[in-house]
Number of protein chains: 2
Amino acid sequence: MELSNTTQYAIRMLSYIANSHGKLQNAKELSTILTIPYKFLTKILTQLVKSEFIISIRGREGGYKLAKPASEIMVLDILNQFGDIVKENQCILGIGTCDSENKCSLHDQWVIPKEMMIKMFAQTSLENLEGDEFKI
Amino acid sequence: MELSNTTQYAIRMLSYIANSHGKLQNAKELSTILTIPYKFLTKILTQLVKSEFIISIRGREGGYKLAKPASEIMVLDILNQFGDIVKENQCILGIGTCDSENKCSLHDQWVIPKEMMIKMFAQTSLENLEGDEFKI
DNA sequence: TCTTAATACTACCTTTTAGTAGTATTTAAT
DNA sequence: ATTAAATACTACTAAAAGGTAGTATTAAGA
C-alpha cells in the first residue's frame, strides 16, 4: 500500500522545481539535493517533459522548470502518469471493478478511506506543497 | 497505491475459508473457485499455515481451515504478514519516517486518509467479510 | 570555432514480484 | 499393502520495477 519509488521521486522533483519559482534547475543538482540516483532521475525528468509537467532547456546553462503554474499540477495527475492508479471503481481485492451493485467483501469498508484518498490527491496541487519547513 | 497480488489472493482465500465455517477446503477447489493459479495458491497457503492463520490437514481428505475464530483475524494482520505495510509514521514520499515534527510536504494532507485506512484495516476481521452477496 | 555543461536516447543489468514444475511426504479408503 | 488424493518442499522461469552505462545532441561561453 505505497506509492512506487518512481512516483515518490517524481512528486519530490516536481515539488522542488515548483519551489524554485521559475529558476532553472539542472539534473545534477537535483540528484545531489534530493539524493536520487542521477541516471534514474534524468530518466524520470525526461518522462515529465514528455508528459508536459515541465519544460526542458537543453545545452549549457540549461535545466528544467514547470510547464504551467504550480496550482494547476495536481498530485493525482502525477500518480496517473506513473501508473499509481487510485480509481473510483477499482477493486481493492483485484476482482475486476467494484461498485455498490457488484462488490467484493471489502468494498463497503474501503469506500470511505478510498474516497478520502482520491479527494486528497485530486485537490492537492504542487502549490500546496510549497514551503521551506519540509523534508525534501 | 494497491495491495500486492499475493496480499489480495491471501485475503480472498482466508475470506473464503472463513465462510466455510470449519469445513475443510482443499487447494484444488480453492484454485478453481477463486481463479488463482494452483501452484501459486498452494505456495501462499503454506505461508498462511506457517504464520498460523490456518491449519492444514495433510493426506487424502485433507485441506485447510482457520486456525482461530474469524473474528480474531484482522485484515491488517494479513497485510503485515505479506509486507503490504501501512504504518502510522510511514512517509508517503519515502523520505524516512514522517511525524508532525519532521514532515514531508505531503504529510499534512496525508494524515487523515492514512489514519482512516489504517483504522479500517485494523478494525475489519474476516468475520466482517462474510456473506454470500460478495464477489469471490 | 572549440570546449564544456547541460539534456536525450538506447541499451543493458539487478532486484523483486509473480508464477510454474516436479518430486516428496502424508493419510484415508480400498 | 496399495492406491489415490491431498499438502510440503525445492528449484526454476517470467515479468515488472528499479537502476546503470555509454553515447548523441544541443547551445552558451571562452
Side-chain angles (χ1 to χ4, degrees), chain A residues 1-14 17 20 23-67 78-79 81-85 93-94, chain B residues 1-14 17 20 23-67 78-79 81-85 93-94:
Chain A
M1 221 56 195
E2 315 185 328
L3 297 175
S4 70
N5 280 8
T6 303
T7 302
Q8 292 178 338
Y9 288 161
I11 296 173
R12 290 174 58 212
M13 289 182 232
L14 287 172
I17 292 170
S20 320
K23 177 169 172 291
L24 286 186
Q25 293 293 342
N26 67 63
K28 202 176 163 199
E29 275 192 53
L30 286 172
S31 167
T32 305
I33 293 167
L34 303 175
T35 56
I36 298 171
Y38 177 75
K39 282 290 192 177
F40 195 36
L41 174 130
T42 58
K43 189 187 252 179
I44 298 170
L45 283 169
T46 301
Q47 293 180 69
L48 290 172
V49 170
K50 287 192 175 151
S51 45
E52 298 182 313
F53 287 104
I54 56 180
I55 59 175
S56 65
I57 312 291
R58 295 184 68 166
R60 193 166 171 164
E61 306 291 297
Y64 303 89
K65 65 179 178 181
L66 291 190
I78 308 171
L79 265 61
Q81 184 59 37
F82 290 97
D84 252 315
I85 321 157
L93 297 184
Chain B
M1 221 57 195
E2 315 184 329
L3 298 175
S4 70
N5 280 9
T6 304
T7 302
Q8 292 178 340
Y9 288 161
I11 295 173
R12 290 174 57 211
M13 287 183 235
L14 287 172
I17 292 170
S20 320
K23 176 167 172 291
L24 286 186
Q25 292 294 343
N26 67 62
K28 201 176 164 199
E29 274 192 54
L30 286 172
S31 168
T32 306
I33 292 167
L34 303 174
T35 57
I36 298 171
Y38 176 76
K39 282 292 194 177
F40 194 37
L41 174 130
T42 57
K43 190 188 250 178
I44 297 171
L45 282 169
T46 301
Q47 293 179 69
L48 289 172
V49 170
K50 287 192 175 148
S51 47
E52 300 181 312
F53 286 104
I54 56 181
I55 59 175
S56 65
I57 312 290
R58 294 184 68 167
R60 192 165 173 166
E61 306 291 297
Y64 304 90
K65 63 178 179 183
L66 290 192
I78 308 170
L79 264 60
Q81 184 60 37
F82 291 95
D84 251 315
I85 323 156
L93 297 185

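Order of the sequence lines fixes the chain letters, A, B, ..., with proteins taken first and strands second; residue numbering starts at 1 for each chain.
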Exercise. If you walk 5' to 3' along DNA chain D, what is the first nucleotide with an atom under 4.0 Å of a heavy atom in chain B, and what is the last?
Worked result: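 That gives a stretch of D:dA4 to D:dA11.
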Atom [atom1] in [X], atom [atom2] in [Y]: separation rounded to 0.5 Å?
X       : Y       : atom1 : atom2 : value
B:Met1  : A:Ile85 : CE    : CD1   : 12.5 Å
B:Asn5  : A:Leu93 : CG    : CG    : 11.5 Å
A:Ile54 : A:Leu48 : CD1   : CG    : 4.5 Å
B:Tyr64 : B:Ile57 : OH    : CD1   : 10.5 Å

Exercise. Is B:Ser4 touching bases, backbone alone, or none of the nucleic acid, heavy atoms closer than 4.0 Å?
Worked result: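 Result for B:Ser4 = sugar-phosphate.
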Exercise. Base, sugar-phosphate, or nothing: which does A:Thr6 touch, judged by heavy atoms less than 4.0 Å apart?
Worked result: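 The residue A:Thr6 makes sugar-phosphate contact but no base contact.
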Problem set entry | Under the side chain to side chain donor-acceptor pair (under 3.5 Å) test, residues paired with B:Glu2 that sit two or more places apart |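 Residues passing side chain to side chain donor-acceptor pair (under 3.5 Å) with B:Glu2: A:Gln90.
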Exercise. For A:Asp84, which residues count as a side chain to side chain donor-acceptor pair (under 3.5 Å) partner, sequence neighbours excluded?
Worked result: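 In terms of side chain to side chain donor-acceptor pair (under 3.5 Å), with neighbours along the sequence ignored, A:Asp84 is linked to A:Ser4, A:Thr7.
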For this session: Mind running a 4.0 Å heavy-atom check of residues 27-40 of chain B against DNA chain C and sending the residues that fall below it, in number order?
Result: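 B:Pro37, B:Lys39, B:Phe40, in order of number.
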Problem set entry | Beyond-backbone contact of B:Phe82 with B:Ile44, side-chain heavy atoms, under 4.5 angstrom |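 Yes. Closest side-chain heavy atoms under 4.5 Å.
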Exercise. Tell me, do A:Phe53 and A:Ile78 make a side-chain contact under 4.5 Å, heavy atoms counted?
Worked result: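 Yes, at least one pair of side-chain atoms sits under 4.5 Å.
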In whole angstrom, give the distance that lies between atom [atom1] of [X] and atom [atom2] of [N].
X       : N      : atom1 : atom2 : result
B:Asn5  : C:dT16 : CG    : C1'   : 13 Å
B:Leu3  : C:dA18 : CG    : C1'   : 16 Å
B:Phe82 : C:dT16 : CZ    : C1'   : 16 Å

For this session: Among residues two or more places apart or on two chains, list those pairs meeting side-chain hydrogen bond (donor to acceptor under 3.5 Å, both in side chains) that have a residue in residues 37-53 of chain B.
Result: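 Qualifying pairs: none.
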Exercise. Taking DNA chain D as the partner, which of residues 48-62 of chain A come within under 4.0 angstrom of it by heavy atom?
Worked result: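 Residues of residues 48-62 of chain A under 4.0 Å from DNA chain D: A:Arg58, A:Gly59, A:Arg60, A:Glu61.
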Problem set entry | Phosphate OP1/OP2 of C:dA18 contacted by B:Tyr9 side-chain N/O (<4.0 Å) |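 For C:dA18, OP1/OP2 do not have a side-chain N/O of B:Tyr9 under 4.0 Å.
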Exercise. With distance as the sole test, does B:Arg12 use its side chain to make a donor-acceptor pair with the main-chain N or O of B:Leu34 at under 3.5 Å?
Worked result: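 Yes; judged by distance alone, with no hydrogens or angles, the pair exists.
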Exercise. Within the distance-only criterion (no hydrogens, no angle test), does the side chain of A:Ser31 pair as donor or acceptor with the backbone N or O of A:Ile36 below 3.5 angstrom?
Worked result: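 Yes; judged by distance alone, with no hydrogens or angles, the pair exists.
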